[in-house]
Structures are given as C-alpha cells and as structure tokens.
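Letters go in sequence order (proteins before strands), and every chain restarts at 1.
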Protein chains: 2
Amino acid sequence: MQKQPTIRDVAQAAGVSVAVVSRVLNPGSGPVAAATRARVNDVMKTLGYHPRTAARELKYGPPTTLGLLLADVSNPFFARLADQVVQEAHARGIQVLLMTTQEDDQLESERLATLIERRVSGIIATPTGNNLATWKQLQDLGTDVVFVDRSIPSLPEVDVVSIDNFESARSATALLAAHGHRRIGIISGPAASTTGRERIAGYRQALETAGLEQDELLIRHAAFRGPAGGDAASALLNLEEPPTALVVANTAQVTEVLRRLSHAGIDIPRTLSVIVFDDSPWTELMTPALTIVRQPIDLLARHSVQLALSNTQGKTPGKPNVIRVAAELVERSSVARLQFSK
Amino acid sequence: MQKQPTIRDVAQAAGVSVAVVSRVLNPGSGPVAAATRARVNDVMKTLGYHPRTAARELKYGPPTTLGLLLADVSNPFFARLADQVVQEAHARGIQVLLMTTQEDDQLESERLATLIERRVSGIIATPTGNNLATWKQLQDLGTDVVFVDRSIPSLPEVDVVSIDNFESARSATALLAAHGHRRIGIISGPAASTTGRERIAGYRQALETAGLEQDELLIRHAAFRGPAGGDAASALLNLEEPPTALVVANTAQVTEVLRRLSHAGIDIPRTLSVIVFDDSPWTELMTPALTIVRQPIDLLARHSVQLALSNTQGKTPGKPNVIRVAAELVERSSVARLQFSK
DNA sequence: AAAATAAGTGGAACCGGTACACTTTTATGT
DNA sequence: ACATAAAAGTGTACCGGTTCCACTTATTTT
C-alpha cells in the first residue's frame with residue numbers, strides 16, 4: 001500500500017507544469033504539443049498514475065454517479081431492472097451506486113442520507129412510501145429523483161416510470177373473463193401503493209365490462225415483503241366459493257404466491273387458472289408454462305436513466321414527467337377455458 | 001438547483017470557526033462545548049447542510065466504497081450475491097458501486113479503470129479471465145481484490161471465495177451413480193475457468209469411485225454467456241447413446257440449459273434425471289421439483305466482503321486467502337432410480 | 001494564590017485535481 | 001524583417017472538508 005502518484009509527481013517527472021498534465025488528462029481543455037502529450041502519457045504509464053475521481057468531483061458536482069435504490073435485488077424483477085440500469089448508465093459513462101431498502105423506512109432514510117452526501121446527480125428508486133420530507137429535500141437540492149415501478153401519491157411532482165398498471169390488469173382480467181371465468185381473484189400490492197391501486201382499478205373495470213359481479217373477498221392486497229403474499233393466496237383458496245382464476249399482480253411476491261399454490265396441490269390450470277405479473281425466464285419452464293404480463297424492463301430502465309440525468313444534460317422537460325410504457329400479455333398455458341359457464 | 005451550503009456557511013451562521021463545525025461532524029476528533037454543539041447542529045438542520053463525501057475522501061482514501069464487478073446481475077445467482085454483498089457492506093457502513101462485465105474483457109477493463117480512479121478500498125469480482133496486468137496492478141496499489149465463484153489460475157496470489165466445486169460435483173455425480181445411472185453427462189463452465197475444471201474433476205472422481213467408464217463425449221464445457229449452454233445440452237441429447245442423467249454445473253446457464261431440455265420435450269426424470277447448480281426459488285416450483293446443489297450465497301457474500309475490507313481493517317491474514325464453503329445437495333424429485341441397471 | 005492541566009476555539013495548511021490569467025515560444029502574413 | 005496572432009506552457013487560487021498547532025479561558029492541584 002504505497003502512496004499513489006499525484007498529478008504533481010507526473011508533472012515533475014515529465015518536466016512540465018501540472019496545468020499541462022491536466023490538459024493531457026482532459027483533451028480539449030487546452031492546447032498541448034504532440035511531443036509533450038506523448039511524454040506525459042509515457043510518464044503516467046510508467047508511474048502507474050490514475051487521476052482521483054474524488055478530487056475531480058470536488059470542483060464540480062459529480063454528474064458521474066447515479067444512485068439506484070431498490071427494495072431487494074434478489075427479486076428477479078428488480079435484479080433485471082438493476083442490470084439494465086447499470087448497462088444504460090455505463091453506456092453514458094455514469095457509475096451506479098446500488099443500495100437496497102428491504103422495504104424498510106428506516107433503512108431507506110439512511111441510504112438517502114448517504115446518497116445526499118455523495119451528491120449523486122440522480123436517484124432511481126422504488127420508494128417504500130415514507131420519508132416524504134427527505135424526497136422533497138432531494139428535489140430541492142436539484143437531484144433528479146425518479147420513481148420506478150411505484151410512486152408516492154402525496155409526491156405528485158416526482159417523475160415516475162412504470163408500466164400502464166391499469167391497462168395491464170384490465171387486459172389480463174379481460175382475458176380470463178373471455179375464457180369463461182366468472183370468479184376471478186386478484187392479489188395486488190399494498191393498498192397504499194399506486195401500483196396496487198391502479199391494478200385493482202383495471203381489474204374492476206374489466207369485470208364491469210364483462211358484466212361480472214364484484215366480490216370484495218376476491219380482492220387481496222399484499223405487502224411487498226413478508227408472508228403476506230402467500231397468506232393472501234391461501235385465503236383465496238379457502239374461500240367458501242373459491243376463484244377459478246387468479247391474477248397475481250404483486251410483482252414483488254409472485255414466487256411466494258406460486259409456492260403456496262404449489263404446496264396446496266393446486267392443479268394449474270385445471271382447478272385454477274393463473275396470470276402473473278413477472279417475465280422471469282423460469283415462468284416459461286414451468287408446467288404448465290405460465291401466462292404472464294411482460295414488463296418491458298429495458299424500457300423502464302432506459303427511461304429512468306434518461307430522466308435521472310435530465311438535469312445534468314440541461315433539459316428539464318416540464319416536471320413532473322410521468323412515463324407509462326405498455327406491458328405485453330403473453331399467453332401460454334396456465335389459463336383454462338371453462339366449459340360449462342354462464 | 002441552488003448552490004448547497006458548505007461547512008463555512010454553517011460556521012458563519014453559527015458564529016464559530018470551520019474547525020468547530022468539523023469537530024461536531026466528527027465526534028471524538030476534539031472537544032466541543034455542549035451548547036456550541038447544539039447550536040451548530042441547529043444551524044446545520046435549518047440550512048439543510050450535508051457534508052460532501054468527495055471532499056472528505058480527498059484527504060484520506062475512501063474506506064467507504066467497495067466495487068462489485070459481476071458478470072451479469074440479471075442472472076439470479078449473481079443477483080442474490082449482489083443483494084447479499086450490498087447488505088453485508090451496508091452493515092459495515094460501506095457503499096457498493098455495482099458494475100457488470102457481460103463477460104466481456106474490454107468492458108471489464110474499462111470498469112476496472114473507473115474503480116481505480118475512484119480508489120475503492122476493495123473489489124469483489126467474477127473475473128472474465130483476462131486483464132491480468134490490471135488485476136496485478138490493483139493488488140500493487142493496495143486494493144483488496146477478491147474473486148468470488150471463479151478465479152484465475154495464473155493469478156494465484158489473489159483471494160478467492162467459492163464453494164467447494166470439486167466436492168459438490170463429486171457428490172452430485174455420486175448420487176446419480178447410486179441411483180443406478182451409468183451414463184451421466186455433465187455441462188460445466190468453460191475449460192479455461194477454475195470453476196469448470198474443478199467441477200469436472202469432481203465428476204471424474206465420482207465416476208471412478210463408482211467404477212463407471214468415462215466417456216469424454218459426456219463431458220461438455222459451455223461459455224458463461226451465449227448459446228453455448230443450450231447447444232451443449234442439445235449435443236448430449238443427440239448422442240448415439242445419450243445420458244440417462246445430467247449434472248448442470250454451469251451456474252450461469254442453468255436456465256438456458258433447462259429451456260433446451262424443455263423444448264426438446266424431455267420428460268424429467270423419466271428419460272433424463274437432472275441435478276443443477278442453482279438454488280433459485282423457482283427450482284422448487286417446477287414439476288418435478290429439481291434436485292439442486294445449493295450454494296450458500298450468504299456465506300459467499302459475507303466472506304467476500306470481509307476479505308475485501310481486510311486491508312482497511314488492518315488485518316492482512318496471510319495472502320492469498322482461499323475460502324471454500326460447503327455446498328448442500330438438496331434432493332427433490334428430478335432424479336429417478338433406474339430399475340434394470342448393471 | 002500560583003502553577004499546572006484541561007477544555008474550548010480559531011487560523012491555516014493540506015488533500016489532488018481544474019481553470020483562469022498570464023508569459024513565452026512558434027507560426028503566419030506581407 | 002517586423003508586426004501580429006496563435007500555440008504552448010506556467011503559476012496559483014479554488015473546490016470543501018480535516019487536522020495540526022497556537023491561543024485563550026476554565027478547572028484542578030498542591
């Protein structure tokens with residue numbers, strides 16, 4: 001752990017001033033003779049010199065770092081999102097600081113504090129729904145905040161990127177109705193979340209259009225974490241008049257819900273038809289292959305990164321910016337056509 | 001985007017010197033009267049002051065950031081690893097810069113450069129196998145480098161954390177042999193990777209112990225990315241004398257291989273028994289539930305973070321440090337007992 | 001009560017780059 | 001050859017914290 005060479009070491013070794021070295025480092029910032037440039041580059045190589053980002057960032061705030069604050073990267077949906085965001089950011093020469101909240105307000109608050117201290121230029125987050133003051137503060141500080149997948153209703157001025165939750169849930173439900181299902185259950189995100197509410201709304205709309213009765217017992221909200229998702233599934237199965245079809249619209253808990261169904265020995269699609277909000281590769285590997293709502297994660301990522309860097313790039317396209325991308329209903333084999341319906 | 005308050009703004013507003021504010025910021029660095037401390041804290045709150053990490057890091061290298069360089073976070077194995085590493089790091093007050101290589105030498109090289117410029121205190125990586133000079137340079141610079149899951153043979157002095165690949169593959173293969181299988185195939189990582197080679201070695205050992213003939217046609221190496229995994233699966237199925245059992249030991253491509261098997265209409269376990277190296281939640285949801293080798297990702301993460309911060313924490317426990325954690329063979333339903341064997 | 005010790009505070013150098021203002025060298029035009 | 005402009009290079013203040021050292025003011029010791 002020897003001490004690293006600085007720009008002054010390089011300047012001295014090359015027999016020039018630090019200003020010249022700096023110019024070599026930042027092409028276009030000033031003229032340097034070709035010979036000098038070559039000599040300086042040589043010296044940098046032999047000394048193993050690398051400029052320190054920290055020093056650079058001190059002068060101008062860093063447009064070089066982005067905070068990505070997700071609930072939980074072990075969830076495939078968020079993992080894929082993280083992967084895409086990182087790639088998108090790298091393509092723009094931006095680094096990504098990854099943080100996780102585990103859906104915990106307190107943790108979220110701490111993570112936000114460190115992001116503030118790092119003066120990241122933008123934050124892409126799946127908010128827990130609290131820490132309103134901090135989110136506001138961030139905006140005031142000029143940090144570009146983008147909520148992805150979910151949002152917070154009481155913070156309407158924050159940018160949001162998500163799929164069209166209403167329409168996705170509506171079309172999924174409509175598909176089930178078209179297959180003759182009359183008792184269709186739905187497990188969605190928490191009632192406090194926009195995601196959860198919008199999907200339920202789409203579901204209701206579809207039922208209404210199909211002329212089906214709405215039974216509140218068939219509508220379940222489940223927290224993003226914990227056993228709630230599984231419990232909701234069990235509850236639906238144990239109803240006096242259980243559903244013949246189920247929309248699992250809580251992206252964060254799809255696996256958990258499916259595990260319960262599987263353990264309960266449910267035969268899909270014979271006793272229960274299923275559509276899930278998740279396009280993990282394994283949904284196709286299951287028997288039967290699951291009919292899914294595919295979220296275009298690449299688009300979510302691209303738009304998020306773009307918005308999160310909008311300030312940096314000068315253009316602030318009339319906040320708040322709400323981007324809804326279309327989700328795709330992929331029909332596979334987990335939906336049965338009911339024979340004797342009506 | 002107004003300009004943010006600095007430590008001098010706070011000092012002035014509180015009627016003290018910057019030195020005092022700094023002491024308030026870093027408790028234990030010097031005495032401050034209780035009344036003064038309270039006043040300074042008040043001012044910081046009303047001004048919305050947050051110290052800048054970049055400035056802080058300038059004085060002393062940052063023991064506050066860790067680089068995590070993974071092949072691909074959309075792969076569940078790496079995703080879970082990332083999640084655990086982030087949690088482990090956060091528990092120590094360390095931030096994680098996430099980068100991905102997509103198994104590309106060039107990209108890896110670029111990511112390493114930015115990590116060097118950021119002077120991260122440690123790097124946890126799944127190396128592509130190239131960029132030897134850069135890895136060496138990093139070590140010389142005093143950065144703690146830890147290879148996780150894989151390693152590079154020609155860099156024996158770098159720390160490694162992984163499962164016991166030899167023993168895991170051996171026991172998986174032995175299980176199949178004990179069930180009467182005589183033609184057991186294996187798809188492992190690239191021959192150039194330690195992971196791939198060690199798993200093959202364990203496989204051979206098990207065959208030898210069981211007194212089974214070794215057929216080189218049954219041994220397939222597949223690159224971590226691309227169609228190679230699927231192709232290897234197809235090739236095995238199309239053999240004149242195809243295997244009755246298969247060990248999928250290429251963690252990075254398990255899904256890809258299974259997709260091929262599924263598309264080929266293979267009945268598991270009737271026509272083909274399968275054991276895979278992956279403990280994603282969905283392996284249990286499939287029909288049949290897959291018998292797997294479970295990698296203790298939490299342990300991998302914990303040890304990696306620990307080693308990656310060892311220099312920072314003063315203790316350099318005799319490099320190189322090779323930590324092998326035990327993997328667990330979880331028997332489920334994808335292995336059939338052959339009736340008329342021998 | 002004098003001397004020794006501790007507590008509280010302020011001034012300024014420093015970390016490693018960047019960029020502005022400036023001087024010196026080289027090239028261009030007629 | 002001479003004026004003029006452009007190119008190449010230098011010196012140094014600055015970014016926002018941390019910390020050493022000097023200094024003043026309480027508190028304790030004998």
Side-chain angles (χ1 to χ4, degrees), chain A residues 2-41 43-44 47-65 114 116-121 141, chain B residues 1-41 43-44 47-65 113-114 116-121 141:
Chain A
Q2 75 279 38
K3 54 188 163 305
Q4 313 232 15
T6 75
I7 197 174
R8 285 162 233 272
D9 296 329
V10 175
Q12 186 168 10
V16 294
S17 70
V18 293
V20 172
V21 180
S22 177
R23 284 194 198 140
V24 173
L25 247 31
N26 309 48
S29 64
V32 184
T36 312
R37 180 189 312 282
R39 187 152 38 93
V40 171
N41 276 321
V43 170
M44 294 201 297
L47 255 56
Y49 169 77
H50 290 273
R52 268 182 73 166
T53 310
R56 214 171 244 176
E57 284 184 353
L58 192 48
K59 194 109 183 154
Y60 309 103
T64 73
T65 313
T114 66
I116 290 179
E117 295 182 0
R118 286 215 174 256
R119 301 289 193 276
V120 295
S121 41
L141 252 43
Chain B
M1 177 77 103
Q2 76 279 43
K3 56 189 163 298
Q4 314 232 12
T6 75
I7 196 173
R8 283 163 234 272
D9 297 328
V10 174
Q12 186 168 9
V16 293
S17 70
V18 293
V20 173
V21 180
S22 176
R23 286 193 201 116
V24 173
L25 247 32
N26 308 50
S29 64
V32 184
T36 312
R37 180 189 313 281
R39 185 154 37 92
V40 171
N41 275 322
V43 171
M44 293 200 298
L47 256 55
Y49 169 77
H50 290 272
R52 267 182 73 165
T53 310
R56 212 173 245 175
E57 284 184 351
L58 192 50
K59 196 113 184 148
Y60 308 103
T64 73
T65 313
T114 67
I116 290 178
E117 295 182 1
R118 287 216 173 255
R119 300 290 193 275
V120 294
S121 42
L141 252 42

Where is the tightest heavy-atom contact between [X] and [Y], given as atom of each residue plus distance?
X	Y	value
B:Ala54	A:Glu57	CB-OE1, 3.9 Å
A:Ser29	A:Ser22	OG-O, 4.3 Å
A:Tyr49	A:Val10	CG-CG2, 3.6 Å

Round to the nearest Å and state the distance from [X] atom [atom1] to [N] atom [atom2].
X	N	atom1	atom2	answer
B:Tyr49	D:dG16	OH	P	10 Å
A:Asn26	C:dG17	CG	P	11 Å
B:Arg52	D:dC15	CZ	C1'	7 Å
B:Met44	D:dG17	CE	P	11 Å
B:Lys59	C:dG16	NZ	C1'	11 Å
B:Leu58	D:dT18	CG	C1'	10 Å
B:Leu47	D:dG16	CG	C1'	15 Å
B:Gln4	D:dG16	CD	P	9 Å

Regarding A:Val21, tell me which of base, sugar-phosphate or nothing describes its non-hydrogen contacts under 4.0 Å with the strands shown.
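Counting heavy atoms under 4.0 Å across all strands, no contact is made by A:Val21.
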Tell me what A:Pro51 touches on the nucleic acid: a base, only sugar-phosphate, or nothing, going by heavy atoms under 4.0 Å.
sugar-phosphate
Nearest listed nucleotide, side chain of [X], among [options]:
X	options	result
A:Ser17	C:dA7, D:dT19, D:dG11	D:dG11
A:Ala19	D:dT19, C:dA19, D:dG17	C:dA19
A:Thr6	C:dT18, D:dG17, C:dG16	C:dG16
B:Val20	D:dT18, C:dA19, C:dT9	C:dT9
A:Ala33	C:dG17, D:dA8, D:dG17	D:dA8
A:Ile7	D:dT18, C:dG10, C:dG17	C:dG17

State, with a plain yes or no, whether a side-chain heavy atom of A:Arg56 is found less than 4.5 Å away from one of A:Asn26.
yes
Would one find a side-chain N or O of [X] under 4.0 angstrom from OP1 or OP2 of [N]?
X	N	answer
A:Ser22	C:dG17	no
A:Arg56	C:dT18	yes
A:Thr36	D:dG9	yes

When the nearest nucleotide of DNA chain C is assigned to A:Arg8 and to A:Arg23 on a heavy-atom basis, which residue is associated with the more 5' position?
A:Arg8
Let me spell it out: for each of B:Val18 and B:Ala55, pick the nucleotide of DNA chain C with the closest heavy atom. Which residue's pick is nearer the 5' end?
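So the residue in question is B:Val18.
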Does any N or O in the side chain of A:Arg37 come within less than 3.5 Å of the main-chain N or O of A:Val24, such that one atom is a donor and the other an acceptor?
no
When you look at CD of B:Glu117, are more than 12 heavy atoms from neighbouring residues, nucleotides or ligands closer to it than 6.0 Å?
yes
